Amino acid sequence: MTQTAVTPPSERAVRKATPGGARAPRRSGRRRIALPYLLLLPALLLELLVHLVPMLMGITMSFKELTQFYIRNWSEAPWSALDNYTVAIDFDAPVGQALLKSFFTTCLFTVLSVGLCWFLGTAAAIFLQENFRGRGFLRTLFLVPYALPVYAAVITWAFMFQRDNGLVNHVLHDQLGIGDSPAFWLIGDNSFWALLVVSVWKGWPFAFLTVMAGLQNIPRDMYEAAALDGAGVWKQIRHITLPSLRSVNQVLVLVLFLWTFNDFNTPFVLFGKAAPEAADLISLHIYQSSFQTWNFGTGSAMSVLLLLFLLVVTGVYLLLTTRGRKTSDV
């Protein structure tokens with residue numbers, strides 16, 4: 001007597017739910033692979049329209065003799081080959097000398113601003129790791145400069161830096177008696193320090209927020225074990241906190257560097273279209289070279305040179321930090 005194999009009900013249900021046998025997993029696998037690209041597509045299109053297309057147009061303009069006579073139809077401007085780049089890097093000529101001086105000013109400003117932002121943000125984040133009354137209020141208060149609109153914050157600082165009726169001179173000169181007369185903060189050599197104060201004030205909360213997030217991944221057991229071994233606060237910060245934050249700090253320093261070196265809004269709102277010579281950052285200098293002299297070809301060439309510089313610095317920085325991370329892991 002022959003016996004017929006009976007298919008279990010669960011297996012029949014699976015076959016009905018997935019017709020075609022092995023084809024269903026392949027389709028689901030393809031959908032899983034395509035889903036991330038579909039989700040990234042709007043962002044890629046926006047990046048293409050907002051950044052890549054204008055960047056390509058700027059590179060094209062840097063090879064043209066684009067002056068005020070060709071603004072209505074810049075595509076008809078004659079090609080100038082590398083003449084705009086030659087003018088920009090001719091450091092014996094006034095244009096090249098001014099660009100070089102602005103570049104060194106920007107480098108000094110960036111180093112000081114990034115260093116102070118990182119130091120203040122890290123110190124505040126480590127301090128607020130401990131539980132005490134009012135910690136939540138201080139965390140919220142420290143994030144206020146980062147949450148404020150840039151234009152509103154910088155305009156407020158511009159009023160505070162006024163010579164005759166500004167709050168800064170009122171406190172320093174009138175209340176504390178520093179200096180024989182109220183200082184000029186928006187012109188002259190003091191403009192560099194005024195710009196630095198505003199940049200650090202609005203930039204250090206981002207460092208504070210980033211470091212504070214990184215501190216959440218450090219186990220408390222490590223601090224407790226170090227305390228049992230007799231390690232004080234400074235040794236714990238040096239041997240536990242800072243090494244654990246190495247990967248966070250690598251990204252943080254790079255982001256702060258790119259933001260600060262390219263910062264245009266802060267000096268533009270603080271000083272207007274023409275910044276003092278002491279605070280002539282390269283972003284505002286390129287703007288003046290383009291829109292004040294109506295020489296968009298030279299200004300575009302300066303922008304391309306700035307882009308190449310930032311790409312080289314970023315590549316070298318990533319290479320060095322990646323090698324350092326591999327060495328420390330070994």
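Just so we're clear, the structure is a prediction, and the values are computed from it rather than from any experiment.
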Could you check whether any side-chain N or O of Thr122 sits under 3.5 Å from a backbone N or O of Phe119, counting only pairs where one atom can act as donor and the other as acceptor? no
Donor-acceptor side-chain pairing of Ser80 and Asp83 below 3.5 angstrom: no
In this structure, is the centre-to-centre distance between the rings of Phe184 and Phe161 below 6.0 Å? no
All heavy atoms of Asp280 vs all of Thr106, minimum pair found to be O-OG1, 4.3 Å
So, the side chain of Glu65 versus the backbone of Ala77: is there a donor-acceptor pair under 3.5 Å, distance only? no
Would Phe261 and Phe109 count as a close aromatic pair, with their ring centres under 6.0 Å? no
Count the heavy atoms of every other residue, nucleotide or ligand shown that sit under 6.0 Å from CD of Glu277, and state whether that count exceeds 12. no
Would you find a donor on one side and an acceptor on the other, under 3.5 Å apart, between the side chain of Ser102 and the backbone of Ala98? no
For a side-chain contact (heavy atoms from CB on, under 4.5 Å) check, start with the C-alpha distance between Val269 and Val150, then their side-chain angles and the critical distance, and finish with the verdict. CA-CA 9 Å; Val269 178; Val150 176; 5.8 Å; no
Closer than 3.5 angstrom, by distance alone: can the side chain of Ser199 be matched with the main-chain N or O of Leu195 as a donor-acceptor pair? no
Taking atom NE2 of His285 and atom CD of Gln292, what is their separation to the nearest 0.5 Å? 11.5 Å
Whether the side chain of Tyr317 engages the backbone of Gln250 through a donor-acceptor N/O pair (distance < 3.5 Å, no angle test) should be reported. yes
Could you tell me whether a side-chain N or O of Thr314 sits under 3.5 Å from a main-chain N or O of Leu311, the two making a donor and an acceptor? no
Tell me if a side-chain donor or acceptor on Thr210 pairs with a main-chain N or O of Ala207 at a distance below 3.5 Å. no
